[in-house]
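Encoded as structure tokens, the structure appears first; notes follow it.
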Amino acid sequence: NVVGGPAIKNPNHNQKYGGFDYFEFSRKTWEYWCKKNDVLFIPFTEPVEKDFNKINPNWQKCLYVFDELERKNIKYNKIALVDSSCMIKWDAPNFFEMTDDRFTAWRDMDNLQWIHDSIVGYKEFYNNFKCDIFKYFSSGFIIFNKKHKKHFNSLKDHFHKNIEKYLELQRTVKKGNDQTPLNYWLQMNNVEMNLELPLAFKLTHLHRKEMFSHNWQLQEDKTPFFIKYGYNWIFNGIPKDKRTDIMRQTWEFIKKNYV
């Protein structure tokens with residue numbers, strides 16, 4: 001099994017993100033977890049398409065994951081693509097054993113208005129296909145295998161044939177890059193999905209859910225809720241230029257467990 005960690009630095013967004021040092025802290029956790037679980041960790045640090053105005057890193061991870069694994073002569077069974085904003089807990093269970101050999105992700109219910117607007121924005125482009133919002137998943141943590149290669153490749157072909165329209169929709173819809181198109185594509189192709197990953201693997205928008213807090217009644221244990229109860233911590237929804245500082249603080253708090 002393989003974990004692919006996209007870590008391509010987009011110079012167009014350097015100021016927006018305050019740099020990309022947070023890649024380091026994500027990678028440290030995944031390298032440890034993968035070694036512990038006999039999984040191969042593959043960081044994707046070099047873009048396939050260097051013109052990010054044409055194909056940004058979010059799209060490249062989706063379009064070229066199989067191409068890159070084969071280019072690197074990596075034999076794979078199941079593949080997990082995890083965003084560089086994710087940090088995995090040192091003792092998290094092996095999620096590859098939870099897939100039932102299906103495309104696996106978590107159902108995204110954090111901001112239904114955002115999701116609805118994104119679905120509506122792409123609907124006409126996909127011939128008014130009815131994308132089921134209750135099957136809508138986050139593309140920031142997805143697990144798939146060899147039988148899904150044809151769907152990723154067909155989406156890649158569709159993207160390149162319609163690249164100008166895709167770029168136009170990214171500018172006008174302004175909600176998501178590869179995520180909503182991938183949701184449409186898999187639903188349109190009737191891909192069987194497992195969207196029942198345990199809640200502990202989908203800790204997003206930590207600040208909104210007060211997961212940075214701890215139980216004030218247990219002064220002897222000030223471990224933040226997200227570390228205490230979560231397995232996969234996603235540092236999204238926070239100001240992007242604060243991400244590195246918050247992930248660095250997290251790493252300093254937990255690094256003793258990754259030895």
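Along the sequence shown, residues carry numbers from 1.
Between the side chain of Asn1 and the backbone N or O of Val39 there is no donor-acceptor pair closer than 3.5 Å. Tyr258 places no side-chain N or O within 3.5 Å of a backbone atom of Glu31 that could act as its donor or acceptor partner. Side-chain atoms of Asn183 come within 3.5 Å of backbone atoms of Phe137 as a donor-acceptor pair (strictly under, hydrogens ignored). Judged purely by atom type and a 3.5 angstrom limit, Trp185 uses its side chain to pair as donor or acceptor with the backbone of His151. Although no hydrogens or angles enter the test, the distance criterion places no donor-acceptor pair under 3.5 Å between the side chain of Glu49 and the main chain of Lys54. In this structure, the side chain of Asn111 engages the main chain of Trp114 through a donor-acceptor pair within 3.5 Å. Panel note: side chain Asn215, backbone Gln217; a donor-acceptor pair is recorded below 3.5 Å. Distance alone, capped at 3.5 Å, is enough to place a donor-acceptor pair between the Arg102 side chain and the Met193 backbone.
Between Lys228 and Asp221 a salt bridge is recorded (basic side-chain N to carboxylate O distance below 4.0 Å). Using a 4.0 Å cut-off between charged side-chain N and carboxylate O, Lys72 and Asp67 make no salt bridge. Between Arg171 and Glu168 there is no salt bridge, since no side-chain N of the basic residue sits under 4.0 Å from a carboxylate O of the acidic one. Remark: Asp110 does not engage Arg208 in a salt bridge, criterion side-chain N to carboxylate O under 4.0 Å. In this structure, Arg27 does not pair ionically with Glu24, as no charged nitrogen and carboxylate oxygen lie closer than 4.0 Å. Of the charged side-chain nitrogens involved, none lies within less than 4.0 Å of a carboxylate oxygen, so that Lys147 and Glu192 do not count as a salt-bridged pair.
Annotation: cation-pi geometry satisfied between Arg243 and Tyr22 (NZ/CZ under 6.0 angstrom from ring centroid, within 45° of ring axis).
Taking the six-membered ring for Trp and thresholds of 30 and 60 degrees, Phe144 and Phe103 have nearly parallel ring planes, at less than 30 degrees apart. Ring orientation note: the planes of Phe201 and Tyr231 are tilted relative to one another, at an angle of 30° to 60°.
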Between Tyr136 and Gln187, does a side chain to side chain donor-acceptor pair (under 3.5 Å) hold up when you go through it step by step?
CA-CA 9 Å; Tyr136 189 96; Gln187 287 194 33; over 6 Å; no

For Phe129 and Tyr126, what are the C-alpha separation, side-chain angles and deciding distance, and is it a ring pair (Phe, Tyr, Trp, His ring centres under 6.0 Å)?
CA-CA 6 Å; Phe129 177 85; Tyr126 289 113; 8.4 Å; no

Would you sort out whether Ser138 and Lys202 count as a side chain to side chain donor-acceptor pair (under 3.5 Å), showing the intermediate values?
CA-CA 9 Å; Ser138 167; Lys202 53 173 289 187; over 6 Å; no

Set out, in order, the CA-CA distance, both residues' side-chain angles and the distance that settles salt bridge (charged side-chain N to carboxylate O under 4.0 Å, His left out) for Asp245 and Arg248, then state yes or no.
CA-CA 5 Å; Asp245 286 342; Arg248 178 185 289 112; 3.3 Å; yes

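Here the two rings, on Phe125 and Tyr166, have centers that are under 6.0 Å apart. Aromatic rings from Trp90 and Tyr32 are positioned such that their centres are separated by 6.0 Å or more. Taking the ring centroids of Phe225 and Phe212, they lie at or beyond the 6.0 Å cut-off. Taking the centre of each ring, Trp30 and Phe41 stay at or above the 6.0 Å mark.
Lys175 and Thr180 are not linked by any side-chain donor-acceptor pair at a separation below 3.5 angstrom, with hydrogens and angles left out of the test. Judged purely by distance below 3.5 Å, without hydrogens or angles, the side chains of Asn56 and Asn177 pair a donor atom with an acceptor atom. For the residue pair Lys209 and Thr204, a side-chain donor N or O sits within less than 3.5 Å of a side-chain acceptor on the partner.
When the side chains of ILVMFWY residues are joined at heavy-atom separations under 4.5 Å, either directly or via intervening members, Leu63 and Ile79 end up in a single hydrophobic cluster.
Here the rule is ring pair (Phe, Tyr, Trp, His ring centres under 6.0 Å) with Phe152, and of Phe66, Trp59, Tyr64 only Phe66 fits it.
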